[in-house]
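Only one structure is covered here, and it is reproduced in the block below.
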Amino acid sequence: MKTYAGIPEENATLENSKVMLVTVPYDGTSTWGKGADKGPELFLNASENMELYDIETGTEPYLEGVYLAGEVSENSTPEAMTEAVYQKTKELLNNDKLFTLFGGEHSVSIGSIRAVGEKFENLTVLQLDAHTDLRPEFHGSTSNHACAVFEANQKHNLVQVGIRSMDVEEVEYLPEGRVFFAHEIANNENWINDVLEKVSGNVYITIDLDAFDPSIAPSTGTPEPGGLQWYPTLELLRKVFEKCNVVAFDIVELMDSPMAKPSAFLASKLYYKMLAYYHIYNNN
């Protein structure tokens with residue numbers, strides 16, 4: 001049986017796992033770089049080549065168990081994909097485990113955030129991203145990657161970090177006081193604490209890999225210069241897990257390319273670091 005990161009089968013059953021991982025290899029609405037549908041496969045392959053002891057926390061997160069909960073393969077239309085992800089997420093949230101998802105392009109997050117928001121009150125959606133993704137619709141669809149958090153912004157407390165690209169039509173939808181632009185982060189030594197002040201309660205974390213600077217994560221669909229760096233991002237995430245009740249997270253926009261391996265390995269380490277933080281702070 002294939003398992004996450006090649007971990008032993010006893011750490012990969014539903015019964016023995018505190019984490020569920022769903023993959024959504026969807027790339028139906030991306031508008032520049034194609035290949036995000038290969039992201040889950042790249043991520044899982046890279047994960048098998050990690051060493052599974054986390055130095056920072058002194059833990060082996062896989063011992064708490066990671067269950068591969070299946071793949072959402074619906075790709076007939078963006079709306080059908082969103083509904084399929086929503087239904088899959090809703091089903092799995094009944095297991096009282098940490099729900100995690102790996103895309104696919106960022107539109108895959110719409111359905112999972114919708115389901116998580118129905119279960120958990122007072123939800124904060126923490127978005128790490130180069131782009132605002134706040135368009136009400138794009139290319140005739142509300143399930144486009146450019147609309148990834150529009151619905152979340154209407155229903156929940158959306159906090160955006162690392163933003164450095166947007167369209168003028170999105171200005172009116174910016175969550176007031178909760179957008180941390182990359183150029184402001186670069187000149188603010190206290191930016192992590194400023195973000196934490198806006199994040200509370202139950203939290204869904206959605207990470208578009210283009211939030212990172214392309215010098216460390218080049219293989220994304222729409223890379224933007226001036227992005228987040230590795231250790232400050234980990235510091236932010238660790239403090240979010242420490243302060244809040246993280247109920248779900250996703251990582252999206254890993255793209256297949258000749259330069260995919262460094263980005264895939266970054267994604268695999270990022271996922272594993274988040275498991276480590278979850279287990280030391282949110283584990284009951």
[X], [atom1] atom: more than 12 neighbouring heavy atoms under 6.0 Å:
| X | atom1 | result |
| --- | --- | --- |
| K261 | NZ | no |
| K38 | NZ | no |
| N245 | CG | yes |

From [X] atom [atom1] to [Y] atom [atom2], the distance as rounded to the nearest 0.5 Å:
| X | Y | atom1 | atom2 | answer |
| --- | --- | --- | --- | --- |
| L270 | W230 | CG | CH2 | 5.0 Å |
| D37 | S73 | CG | OG | 12.5 Å |
| L134 | Q154 | CG | CD | 8.5 Å |
| Q229 | E235 | CD | CD | 13.5 Å |
| K273 | I55 | NZ | CD1 | 8.0 Å |
| L254 | D208 | CG | CG | 10.5 Å |

Q) Can you name the residues that form a side chain to side chain contact (heavy atoms under 4.5 Å, CB included) with N190, not counting sequence neighbours? A)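 N188, N193, D194.
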Could you tell me if the side chain of [Y] sits less than 4.5 Å from the side chain of [X], heavy atoms only?
| X | Y | value |
| --- | --- | --- |
| V24 | V252 | no |
| E184 | V179 | no |
| Y277 | V240 | no |
| R178 | L158 | yes |
| P223 | P218 | no |

Any luck finding a side-chain donor-acceptor pair between [X] and [Y] under 3.5 Å?
| X | Y | result |
| --- | --- | --- |
| E224 | T222 | no |
| E83 | Q87 | yes |
| H106 | D129 | yes |
| N144 | S107 | no |
| S109 | Y204 | no |
| Y173 | R135 | no |
| S141 | E79 | yes |

Looking only at heavy atoms, which two atoms of [X] and [Y] are closest? And how far apart?
| X | Y | value |
| --- | --- | --- |
| Y86 | E118 | OH-OE1, 2.7 Å |
| I110 | C147 | CD1-O, 4.0 Å |
| K2 | L68 | O-CD1, 3.7 Å |
| F43 | A267 | CE1-O, 4.0 Å |
| G201 | C244 | O-CB, 3.4 Å |
| Y272 | E60 | OH-C, 3.8 Å |

(Q) Quick check on side-chain contact (heavy atoms from CB on, under 4.5 Å): which of L21, D250, V72 does L101 satisfy it with? (A)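 Exactly one option meets the side-chain contact (heavy atoms from CB on, under 4.5 Å) with L101, and it is D250.
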Q: Kindly determine whether S219 and S263 satisfy side-chain hydrogen bond (donor to acceptor under 3.5 Å, both in side chains), including the steps that lead there.
A: CA-CA 6 Å; S219 195; S263 301; 4.8 Å; no
Main-chain N/O of [Y] paired to [X] side chain as donor or acceptor, under 3.5 Å:
| X | Y | answer |
| --- | --- | --- |
| K239 | L196 | no |
| D210 | A130 | yes |
| E74 | S76 | yes |

Q) Thinking salt bridges, do E151 and K155 make one under a 4.0 Å N-O criterion? A)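 Yes.
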Q. Salt bridge or not for K97 and E64, using N-O below 4.0 Å?
A.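 Salt bridge between K97 and E64, a charged N being under 4.0 Å from a carboxylate O: no.
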Q. Which residue pairs pass the ring pair (Phe, Tyr, Trp, His ring centres under 6.0 Å) test when at least one of the two sits in residues 240-263, sequence neighbours left out?
A.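 For residues 240-263, and leaving out neighbouring residues, the ring pair (Phe, Tyr, Trp, His ring centres under 6.0 Å) pairs sorted by first residue read F249-Y271.
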**Q.** Shared-cluster residues of M259, by chain and number - hydrophobic side chains joined below 4.5 Å
**A.**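 None; M259 is a cluster of one.
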